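Written out below as structure tokens is the structure these notes cover.
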Amino acid sequence: MKIRLNETFITDNSSECEKDCFFLSCFQNAKFKDEVLKKGAKIIDVREAKRLLGIDEAIKIIGITGTNGKTTTAAAIYSILLDLGFKCGLCGTRGAFINDEKIDEKSLTTSPILKTLEYLQKATLAKCEFFVMEVSSHALVQRRIEGLEFAAKIFTNLTQDHLDFHGSFENYKEAKESFFTDESLKFINKDAFHIHFNVKNAYTYGIENPAFYQIKAYALENEIDALVLAKNQSFHIQSPLLGLFNLYNLLAASACVNELVKPNLADLERAISGFGGVCGRVEKIVEGVIVDFAHTPDGIEKVLDSLKNKSLIVVFGAGGDRDKSKRALMGKMVAHYAKNAIITSDNPRSEDPKSIMQEILRGFEGKNTPLMIEDRKLAIYKALELKKEDDLVIILGKGDETYQEIKGVKYPFSDKEVVLNFYKNQGK
């Protein structure tokens with residue numbers, strides 16, 4: 001990509017370089033330095049790029065990393081800050097936003113550094129005081145955030161995922177831990193204590209274990225209602241969101257905002273309660289039908305456990321060309337919680353969907369035998385046909401995605417639209 005300046009431009013693509021342009025050198029393109037120099041381009045680092053783009057160094061960047069919860073925690077911080085009267089930007093899985101306006105569509109969880117700098121330039125022009133971003137383990141290994149200075153960093157949790165990329169859980173853990181070596185404010189989930197992050201001078205938050213931000217009492221029936229104690233102060237988290245996992249997300253978000261801006265606690269409580277959640281994350285489509293993005297064993301367990309008092313019909317699959325070892329574990333979680341389960345295709349990518357489904361089936365170990373319906377639309381329709389009045393249909397894996405990737409092609413597909421079309425055809 002390239003960003004225009006007055007009479008030239010900045011690019012991170014060697015093929016776009018020309019005389020007197022600026023080439024932003026980073027970990028992923030460093031091998032092209034000699035090539036761009038021959039073209040007459042000027043090599044710059046992130047610090048120089050920020051200066052050329054006029055990015056305000058006073059913008060406080062907040063980064064969230066973890067296996068699950070990044071998107072909701074980032075969105076909650078963004079929403080709370082806006083509600084408190086601050087100007088704020090956000091980028092991550094859902095796209096990029098500036099002061100409640102969407103400026104870019106969904107992309108990578110963490111964009112390449114030049115794209116992030118473009119967002120920060122726009123945030124500067126909009127006079128933003130804060131910029132919130134999701135930080136993936138891939139981005140950490142590929143050093144896509146190198147050169148950015150963070151005011152605050154949050155660790156949500158760490159469970160099995162992306163082992164196809166990292167090779168081992170230990171490598172995955174080390175990638176996450178590498179994010180917390182600077183002097184920024186740090187917020188660490190104390191209930192993920194088994195990870196043993198070597199992080200000093202961090203604020204901890206938790207429910208099960210003693211923490212600086214400690215949940216002392218909570219209820220999760222049809223909404224979240226919790227009391228938070230933090231040193232000599234306390235506040236409530238009240239939210240229409242569901243589940244213990246969302247209480248963790250809101251606890252992390254509120255702790256971060258509280259330390260960064262020191263708001264009036266009554267205003268903080270109001271802002272927390274005003275956050276309505278994220279599309280595709282435990283999103284109710286119609287009465288008794290929910291879609292969610294959960295696509296890891298831990299993510300599935302957290303969502304289903306939060307709904308375990310319901311009679312669950314679960315539709316799910318697993319992505320192709322990704323960590324295969326998690327597929328049977330995903331099946332095991334669904335087998336434990338679901339009254340009825342339907343295994344279907346997710347984003348098979350280059351793999352055979354039937355093979356993926358068979359690997360998931362191993363997790364059922366012969367109990368609660370699921371239906372196997374490769375066509376995802378037909379699988380969802382079958383779940384809705386099976387649904388009785390007291391049942392809850394939950395469709396996992398894709399959330400608010402609007403495509404299904406098969407053999408390198410992204411075909412239009414939306415779980416939400418499939419559900420709505422089913423009931424439209426039923427005349428409801």
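None of these values were measured; they are calculated from a predicted model.
One finds the OG atom of Ser239 at 10.5 Å from the CG atom of Leu220 (value rounded to the nearest 0.5 Å). A distance of 5.5 Å separates SG in Cys88 from CG in Leu82, rounded to the nearest 0.5 Å. With rounding to the nearest 0.5 Å, the separation of SG in Cys21 from CD in Glu16 is 9.0 Å. Taking NZ of Lys398 as the start and OG1 of Thr344 as the end, the distance is 10.5 Å to the nearest 0.5 Å. Of the inter-residue distances, the one linking Leu247 atom CG with Tyr205 atom OH reads 10.5 Å to the nearest 0.5 angstrom. Here NZ of Lys127 is found 8.5 Å from CG of Leu125. Values are rounded to the nearest 0.5 Å.
Because its NZ or CZ atom is both nearer than 6.0 Å to the ring centre of Tyr403 and within 45° of the ring axis, Lys410 counts as a cation-pi partner of that residue. Remark: Lys2 is not positioned above the aromatic ring of Phe22, lacking an NZ or CZ atom under 6.0 angstrom from the ring centre and at most 45 degrees off the axis. For Lys153 and Phe187, the positive end is not near the middle of the six-membered ring at less than 6.0 Å and at most 45° from its axis.
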Requested in this report: Start with the C-alpha gap between Lys176 and Ser137, add the side-chain angles, then the distance that decides, and say whether side chain to side chain donor-acceptor pair (under 3.5 Å) holds.
Outcome: CA-CA 6 Å; Lys176 295 292 188 185; Ser137 58; 4.5 Å; no
Report task. Carefully, step by step, assess Thr296 and Asp298 under the rule side chain to side chain donor-acceptor pair (under 3.5 Å). Result -> CA-CA 5 Å; Thr296 66; Asp298 180 70; 5.3 Å; no
Requested in this report: Report the C-alpha distance between Phe23 and Phe32 in whole Å, list the side-chain angles of each, state the deciding distance to 0.1 Å, and finish with yes or no for ring pair (Phe, Tyr, Trp, His ring centres under 6.0 Å).
Outcome: CA-CA 10 Å; Phe23 177 72; Phe32 297 105; 7.6 Å; no
Report task. Go through Leu244 and Lys302 one step at a time and tell me if the side-chain contact (heavy atoms from CB on, under 4.5 Å) criterion holds. Result -> CA-CA 7 Å; Leu244 188 64; Lys302 283 182 167 61; over 6 Å; no
Query raised in the report: How far apart are the C-alpha atoms of Lys38 and Glu35, what are their side-chain angles, what is the distance that settles it, and do they pass the salt bridge (charged side-chain N to carboxylate O under 4.0 Å, His left out) test?
Result: CA-CA 5 Å; Lys38 288 177 182 177; Glu35 177 184 328; over 6 Å; no
**Report entry** Trace of the side-chain contact (heavy atoms from CB on, under 4.5 Å) decision for Ile113 with Val46
**Finding:** CA-CA 8 Å; Ile113 185 62; Val46 171; 3.9 Å; yes
Query - Step-by-step side-chain contact (heavy atoms from CB on, under 4.5 Å) determination, Cys279 to Arg94 - result: CA-CA 9 Å; Cys279 292; Arg94 298 166 57 230; 5.8 Å; no
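In this structure, Ile62 and Leu81 have side chains that are in contact, with non-hydrogen atoms separated by less than 4.5 Å. In this structure, Gln404 and Arg376 have side chains that are in contact, with non-hydrogen atoms separated by less than 4.5 Å. Side-chain contact between Met133 and Leu90 is absent, with no heavy atoms from C-beta onward closer than 4.5 Å. A 4.5 Å side-chain heavy-atom check between Arg270 and Asp267 finds at least one atom pair inside the cut-off. Taking the side chain as every heavy atom from C-beta outward, Phe180 and Ile188 approach each other to under 4.5 Å. Side-chain contact between Tyr218 and Ile207 is present, with at least one heavy-atom pair separated by less than 4.5 Å. Leu117 places a side-chain heavy atom less than 4.5 Å from the side chain of Leu24. No side-chain heavy atom of Ile44 sits less than 4.5 Å from a side-chain heavy atom of Ser25.
Shortest non-hydrogen contact noted between Gly299 and Asn68 is N-ND2, 3.6 Å. Closest approach of Lys60 to Ala151, counting heavy atoms only: CB-CB, 3.7 Å. The two atoms that bring Ile360 and Ala318 nearest to each other are CD1-N, 3.6 Å, heavy atoms only. The heavy-atom pair separating Thr11 from Met1 by the smallest distance is OG1-O, 2.8 Å. Across all their heavy atoms, Ser234 and Leu227 have their closest contact at CB-CD1, 4.1 Å. The minimum heavy-atom distance linking Pro348 with Ile356 is given by the pair CA-CD1, 4.0 Å.
In Lys19, the NZ atom is not crowded: 12 or fewer heavy atoms of neighbouring residues, nucleotides or ligands sit closer than 6.0 Å. Within a 6.0 Å radius of CD in Glu287, other residues, nucleotides and ligands contribute 12 heavy atoms or fewer. Atom NZ of Lys186 has more than 12 heavy atoms from other residues, nucleotides or ligands within 6.0 Å. Heavy atoms from other residues, nucleotides or ligands lying under 6.0 Å from CG of Asn222 number 12 at most. Sparse packing is recorded around NZ of Lys354, with 12 or fewer heavy atoms of other residues, nucleotides or ligands lying under 6.0 Å away. Heavy atoms of other residues, nucleotides or ligands lying less than 6.0 angstrom from NZ of Lys377 number 12 at most.
Within the structure, every pair that satisfies the salt bridge (charged side-chain N to carboxylate O under 4.0 Å, His left out) test and touches residues 141-152, not counting sequence neighbours, is listed here: Arg47-Glu149, Arg143-Glu146. Each ring-ring contact (aromatic ring centres under 6.0 Å, His included) pair with one or both residues in residues 90-132, not counting sequence neighbours, appears once here: Phe86-Phe130.
For the residue pair Gln28 and Asp12, no side-chain donor N or O sits within less than 3.5 Å of a side-chain acceptor on the partner. No hydrogens or angles considered: nothing links the side chains of Asn189 and Thr156 as a donor-acceptor pair under 3.5 Å. A donor-acceptor pair shorter than 3.5 Å can be found between the side chains of Glu134 and Thr93. Remark: the Asn258 side chain and the Tyr213 side chain contain an N/O donor-acceptor pair separated by less than 3.5 Å. Side-chain atoms of Asn13 and Ser15 include a donor-acceptor pair closer than 3.5 Å.
Listed by chain and residue number, Thr72, Ile224, Leu241, Asn249 satisfy the side chain to side chain contact (heavy atoms under 4.5 Å, CB included) test with Asn246 (two or more places apart in sequence, or in another chain). Residues satisfying the side chain to side chain contact (heavy atoms under 4.5 Å, CB included) test with Ala211, not counting sequence neighbours, are Lys190, Thr204, Gln214. Under the ring-ring contact (aromatic ring centres under 6.0 Å, His included) criterion, Tyr337 pairs with no residue, sequence neighbours left out. Applying the salt bridge (Lys or Arg N to Asp or Glu O under 4.0 Å) criterion to Glu417, with sequence neighbours excluded, gives no partner residue.
Salt bridge present: Arg281 and Asp400 bring a charged side-chain N and a carboxylate O closer than 4.0 Å. Between Asp305 and Lys308 there is a salt bridge, since at least one side-chain N of the basic residue sits less than 4.0 Å from a carboxylate O of the acidic one. Between Lys416 and Glu283 there is a salt bridge, with a side-chain nitrogen of the basic residue lying less than 4.0 Å from a carboxylate oxygen of the acidic one.
Tested against Asn347 for a side chain to side chain donor-acceptor pair (under 3.5 Å), the candidates Glu401, His295, Glu405, Arg322 yield a single pass: Glu401.
Distance alone, capped at 3.5 Å, places no donor-acceptor pair between the Thr73 side chain and the Ala253 backbone.
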